[in-house]
Asker: 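My structure is below; once you've seen it, I'll send some questions.
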Amino acid sequence: MSYGIGCYYVLEGAERLRDLDEGVLSSLLRLQELTGRPVCLLLTSNLVWDKFQTPGGLPQPLLVHFPQYSREALQSILALDRPSDVDEQFYSGYLNLILSVFVVPCRNVRELRHLARASLTHYRAPVLSGEVAPTDLRRLWRHVEPHLRAALRSVYLREADSAQWLRTQTQLPAAAVQPSSHDQPGILDATDHQRLNTELPFYSKFLLIAAYLASYNPAKSDRRFFVKRTGKGAGRLKARPPAGARVSALLTGPRAFPLDRLLAIFYVIVEDRVAPTASIYSQVSSLVTLRMLTRLGGSDNLDSAKYKCLVNFDTVKSIAKTVNFEVERYLYDFV
Amino acid sequence: MATSSLTKSCFVFKPKSGGSSSAALDSSQYFAGLSDDMGIQSAERRSQTFNSTWQTAEKLCTDFQEEMFNTVFHEMIEYLQGSVDIEEDAGIPTATLITGVNMPDHTGVFRSLAERLRAQVTAHVAVLEAASCTTVQATVRAMVRQLTAAGEPLSPDVPVVDEDDEDDCLLDVPDQTSRQRRAPATMPALVAHYEAAQETVASPKKRSPRKRARTAPQRRPLVVVWRDLEAFQPRVLQDLVLICSQYRSRLPISFVFGVSTCASAVHRLLPQHVSARLSLHKFHSQLATHCLAEMIDKVLLSPSMPFRLGGRALRLLLDIFLYHDFSVNNFISAYKFCMLSHFLWSPASALCCEPGQLEERVEELTGAQVAGLRALPSVRAYLDDLEQEERHTLQHDGVFKEWVLHMAPKLHSKHEELLVGLRCLFALTKRLPGALLGKQFREAYNLALLHALPERDEYKRTFQLLNMLSRQELTATLEHALEAVSGSGSALSTLLRTQLDRVRALDDRPTPVSAEESSQQRRLVADTLKQATSRQSLRESLQSMGAARNARLNPYETLRSALLAELDEHLRGLIVQPSKWPFNECVVFDDVSLVRRRLVGAPRSSVQTALADPAKYLQCTCCQLGDAASIRPTMPDLCIVYKLHLECGRLINLFDWMQAFRAVVGASDDDQTIQARFAHCVAELQFLGFIKSTQRKTDHVARLTWGSC
């Protein structure tokens, strides 16, 4: 048999094939057999082959393991990016530095290339201005360190597009040079804050808190948290199961709740009297569009819509803080 | 209208064009139709004034929004213009526009963005919406269609026509042009289209080398705008990012992510291997509260607006904005509605105009209108305070008109004075502890509209606190106040300036406490300490000493209280509550209950009103109720059944209920009809959620709502 004129198919991200019909992967793997032609299929994937196996079984392909890059390999790959006007020795020193900082949290070549490209100007700046000799690694390190430390905080976020990054960096040294930059809210703290916080209308905040409470508290406990007790009602309360026996709601994830329950909790936790207006309902659907709540069971179920809360505890806590509401007091897990 | 469908479903019928334009009502007729006898005379005038006033307001609003968009989009557009040159393996240049959660405004924001992108960056712009992009195929199709439709006017609001529909059309009309347009909407087709477009753009430029030299390296980027990113299916978004990054070498694609919540939403939606294909760049739009403050300043308080909102109306609008939607558009619509209501319902609004036109308007006033003006509460209160004879002369219409002409223009100047006074007061309180007048100017303004501010505790407290400031603090505070009012050129700014000079001049003088005096004082203290025999007596003597020291003010303190008294007096003259001005009803609108009913939809209370008092919506005379609890047989059955159920306890016996129903409607019908009518109503009440069936007792239903009638 001659394989002279073969045909090669390369499928990247082959793990996605598993989402397709079961037959697709198995017929692809038997392509040569089915077509009777010299066809070769190459699958690349991040997963081991075991994860591809289906109950019906698959023909065993030839497995080639592609090992993780070693540090030396990374360095020589990154060295290919060297700009033509940079000295080779100087650049390898730079890469050594970059790798020593970033190789622990990040081994992704793409990410490392991005980081190396973004910080190079800072590293070269003192050399170009004649302040530091290109061989004086220690002083170069001292110059570039605050920038690298800042970059380390936003690894993987890809928010550090070179141009914008440079702009943030120029404002940085004043705050970062001092060793105790942690005490002062430097520029990155401000962006961290913006990255995570959302400005919501007043009642939307309460709706979100109510949704969180409805999702993470069992419905049975509502009476205990939200009904105003006249006397000392402690006698009526059942003894709580011991802490070990209960599964924390934070571990099981959010539970679904009907709209009525959400609104009932909402009207209790908002202190002033709120009229049940149409805009309250529209805020619920706004929250769904923002992916803070999700609606279960399709949009055709108008009568008994059920929702789930998608935000995490920290977000709710910070939102509750802005309206002076203590979420912990109302959470079953915390009392 | 008839359809050929055999099944039951919803059909959309578009109105035939041309029919509606002839039926358009003249707005002045509309105004006249809604007015009573007295208002009808000024109806035309009022409708004209409303139109011109709204035009002014609309111009201010659009200017404001344009300016807002300009600041937000300017940097982003610059970035996108340069995005073509960004090297290939840096990833797809992506501008993350954080828009805030004001959902109702997003349509306007993204339309404006798309227009600007088309005008300034590239003709290839696609705006994707989550609702039409549920699968990867649909998304690619929507994107490619919009990108290849460059040059044709395609509004982003027009949804991309469904493929299936187009197939049908094609079978019917095998037209050459439509076939051409229907080039398959796939990425390779986009590449082909783009390359062809680049060639046609490039070729005419070859003729003028000078021009070419300037624009030669410019490749037009393809900009894809993702509206409300959170609403997209994460899978679709991820796949599309991966697909586009594959084509990045051939197509200079850039993304704009419209993120409503916060920048981390992008990372929540995209896993790392996908977000690594992007090069993100963040752009923040202004905070909603900041927009509100700007809008109030530029539109509501603009000196060119003759119309003003009253305190309660403004509070309602602010509440809707801050508590519910953060939407600038809704705020503007509500403002327009208030303005319309003002001109529609208040006959006095005929005088709400620019000072220049006032004379003409006053001339036009008829006897009845003058009587109406005289009956305005503010005018009556003013007249009551006047002397007997002066009041008598004003009974004459001619004199009254002249007086109107004298007083009415003052309304505008008084508002300006109020603003200047308030700005000064607000600047004074801003740095004091406790935020006495609120953190925002709008809160202070609203307070001044609602109450007589100088009589309030906040005002007094402000001056008490100001009276404790040190010299540096006072100087700084006065400087701020001066800055706040400097543009107005009023007497207040001159006053502040002289005060500042006086405080500064004091700095140069030597300190008045001489060394001898202080040493004497120290001796005195030492003596008292020696004399004190008990803790009690020591405390008393120290207190009396302190009081004696306080009584003797140093020159700075004397100056400070003098200055503040002067300032207080001046501000009291400026800050007058608008409802105290005579004729304020002409320009100030404060009928909040009218607006609230129409702006704030309350579905549940509307249902209850409709059931309890149907005459309110049916506008019939037969169902008028003297007493809220009474029932009339002429009311609709459902209302009768509802009102009867209000009289029952937790469980309702169906038979008794039906007997009561029979007693109300009268026994004219036979039993079966009554029973059928009753059963129908009970079913409807259950559907509306007022009752539910119960297992507790046979033939009983449970009542679900309480505490209303």
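Reminder, nothing fancy here: chain letters follow the sequence lines and each chain counts from 1. From a predicted model like this one, the values you see are computed outputs, not experimental measurements. No hydrogens, no waters, no symmetry mates; every other heavy atom, side chains included, goes into these values.
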Asker: If you compare all heavy atoms of A:P201 against all heavy atoms of B:F326, which two are closest, and at what distance to 0.1 Å?
Answerer: N-CE1, 3.4 Å
Asker: With rounding to the nearest 0.5 angstrom, report the CG to CD distance, B:L242 to A:E12.
Answerer: 8.5 Å
Asker: Using the test ring pair (Phe, Tyr, Trp, His ring centres under 6.0 Å), find all partners of A:Y9 that sit at least two apart in sequence or belong to another chain.
Answerer: none
Asker: Is chain B contacted by the side chain of A:F206, its backbone, both, or neither, given a heavy-atom distance below 4.5 Å?
Answerer: neither
Asker: CG of B:L229 to CZ of A:R291: how many Å apart, nearest 0.5 Å?
Answerer: 9.5 Å
Asker: First locate atom OG of A:S286, then atom CG of B:D325, and finally report the distance between them rounded to the nearest 0.5 Å.
Answerer: 8.5 Å
Asker: Could I get the full list of ring pair (Phe, Tyr, Trp, His ring centres under 6.0 Å) partners for B:Y247, not counting sequence neighbours?
Answerer: none
Asker: Go through the atoms of B:R235 and report whether side chain, backbone, both or neither lie under 4.5 Å from a heavy atom of chain A.
Answerer: side chain
Asker: If every non-hydrogen atom of B:H324 is compared with every non-hydrogen atom of A:S204, which pair is closest and at what distance?
Answerer: O-OG, 4.3 Å
Asker: Is A:N108 in contact with chain B via its backbone, its side chain, both, or neither, using a 4.5 Å heavy-atom distance?
Answerer: side chain
Asker: What closest approach, in Å, do A:A278 and B:P603 show between heavy atoms, and which atom pair accounts for it?
Answerer: N-CD, 3.6 Å
Asker: Does atom CZ (A:R124) have a neighbourhood of more than 12 heavy atoms from anything else shown, all under 6.0 Å?
Answerer: yes
Asker: Do other residues, nucleotides or ligands put more than 12 heavy atoms under 6.0 Å from A:K308 NZ?
Answerer: yes
Asker: Compare every heavy atom of B:S260 with every heavy atom of A:L290, then report the nearest pair and how far apart it is.
Answerer: CD2-CB, 3.2 Å
Asker: Is A:D19 in contact with chain B via its backbone, its side chain, both, or neither, using a 4.5 Å heavy-atom distance?
Answerer: side chain
Asker: Which residues from residues 285-292 of chain B are near chain A, with near meaning under 4.5 Å between non-hydrogen atoms?
Answerer: B:L287, B:A288, B:T289
Asker: Could you check B:Q272, B:R277, B:H273 and say which one makes a side chain to side chain contact (heavy atoms under 4.5 Å, CB included) with A:R110?
Answerer: B:R277
Asker: May I ask you to decide if A:T277's main-chain N or O and B:R604's side chain share a donor-acceptor pair within less than 3.5 Å?
Answerer: no
Asker: Quick one: pull up CZ in B:R268 and CG in A:L310 and give me the separation to the nearest 0.5 Å.
Answerer: 8.5 Å
Asker: For B:D239, is it the side chain, the backbone, both or neither that has a heavy atom under 4.5 Å from a heavy atom of chain A?
Answerer: side chain
Asker: B:R442: what forms a salt bridge (charged side-chain N to carboxylate O under 4.0 Å, His left out) with it, not counting sequence neighbours?
Answerer: none
